[in-house]
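Step one of this worksheet: look at the structure below.
Everything numeric in this text was worked out from a predicted model, so none of it was measured. What you see below is based on every heavy atom in this structure, not just the backbone, and it leaves out hydrogens, waters and symmetry mates.
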Amino acid sequence: MTTFDKREEGFEAKFAHDEELHFMCLARRNKLLAAWASGLMEQAGSPAESYAESLLVPDYLGKADDRLVLKVVADLKAKGIERSPQDVLGQMRDLLAKAITDIEAGR
């Protein structure tokens with residue numbers, strides 16, 4: 001195996017690792033977002049768990065967060081809670097930072 005082949009394998013392994021970490025961070029963020037929204041909707045227990053699971057489907061773990069924002073805003077509105085898409089996006093940004101910190105710390 002040449003040095004070039006070893007470097008290529010190293011880059012591929014790093015890419016795969018980075019993608020896995022990115023996915024884990026998005027999943028953690030979505031669980032935290034579900035907990036935040038469930039708290040606003042005064043849900044606990046099984047309904048809160050079900051809501052968290054609904055935000056962990058592949059549609060909400062992709063590159064674009066538009067669908068996720070619209071879902072959370074609509075779910076909150078259905079319970080009579082007004083939050084703008086910008087509010088939800090801000091919360092998502094904060095929760096993503098927390099998720100990254102937690103995962104980097106091994107929590």
Side-chain angles (χ1 to χ4, degrees):
M1 183 175 280
T2 67
T3 302
F4 181 75
D5 291 335
K6 289 179 185 176
R7 285 187 64 196
E8 184 179 9
E9 281 183 10
F11 284 125
E12 288 173 1
K14 182 178 179 351
F15 178 79
H17 177 72
D18 289 349
E19 286 297 307
E20 182 179 352
L21 281 177
H22 179 71
F23 177 81
M24 289 171 53
C25 289
L26 290 179
R28 174 82 54 100
R29 179 207 58 193
N30 287 11
K31 285 182 83 172
L32 293 169
L33 181 65
W36 171 76
S38 291
L40 292 175
M41 294 185 281
E42 298 179 357
Q43 292 178 334
S46 183
E49 290 172 17
S50 294
Y51 189 68
E53 287 177 20
S54 77
L55 298 186
L56 294 176
V57 297
D59 284 353
Y60 303 128
L61 293 170
K63 303 279 185 215
D65 291 327
D66 298 346
R67 287 182 184 165
L68 178 60
V69 170
L70 293 175
K71 177 179 176 30
V72 172
V73 168
D75 292 344
L76 291 171
K77 188 172 186 158
K79 297 287 186 173
I81 302 162
E82 292 294 327
R83 289 291 187 274
S84 71
Q86 292 79 15
D87 291 340
V88 174
L89 273 172
Q91 189 68 27
M92 287 170 57
R93 260 186 250 115
D94 294 345
L95 294 173
L96 181 59
K98 179 178 176 16
I100 290 169
T101 301
D102 288 351
I103 288 173
E104 286 176 346
R107 293 183 235 151

Distance (rounded to the nearest 0.5 Å) between [X] [atom1] and [Y] [atom2]:
{"X": "Ile100", "Y": "Leu26", "atom1": "CD1", "atom2": "CG", "answer": "8.5 Å"}
{"X": "Asp59", "Y": "Leu68", "atom1": "CG", "atom2": "CG", "answer": "10.5 Å"}
{"X": "Glu53", "Y": "Lys31", "atom1": "CD", "atom2": "NZ", "answer": "9.0 Å"}
{"X": "Ile103", "Y": "Arg29", "atom1": "CD1", "atom2": "CZ", "answer": "11.5 Å"}
{"X": "His22", "Y": "Leu96", "atom1": "NE2", "atom2": "CG", "answer": "8.0 Å"}
{"X": "Glu20", "Y": "Cys25", "atom1": "CD", "atom2": "SG", "answer": "10.5 Å"}

Problem set entry | Shortest non-hydrogen separation from Leu55 to Tyr60 and the atoms involved | O-CB, 3.6 Å
Exercise. So if you build clusters from Ile, Leu, Val, Met, Phe, Trp, Tyr with side-chain heavy-atom gaps below 4.5 Å, do Leu61 and Leu33 land together?
Worked result: no
Donor-acceptor pairs under 3.5 Å, side chain of residues 69-81 to any protein atom, not counting sequence neighbours: which ones?
unit_1, atom_1, unit_2, atom_2, d
Lys71, NZ, Asp75, OD2, 2.9
Asp75, OD2, Tyr51, OH, 2.9

For this session: Return each pair, listed once, that meets salt bridge (charged side-chain N to carboxylate O under 4.0 Å, His left out) where at least one residue sits in residues 88-101; pairs must be two or more places apart or across chains.
Result: Lys98-Asp102
Show which side-chain atoms of residues 38-46 pair as donor or acceptor with protein atoms under 3.5 Å away, not counting sequence neighbours.
unit_1, atom_1, unit_2, atom_2, d
Ser38, OG, Ala34, O, 2.8
Ser38, OG, Gln43, OE1, 3.4

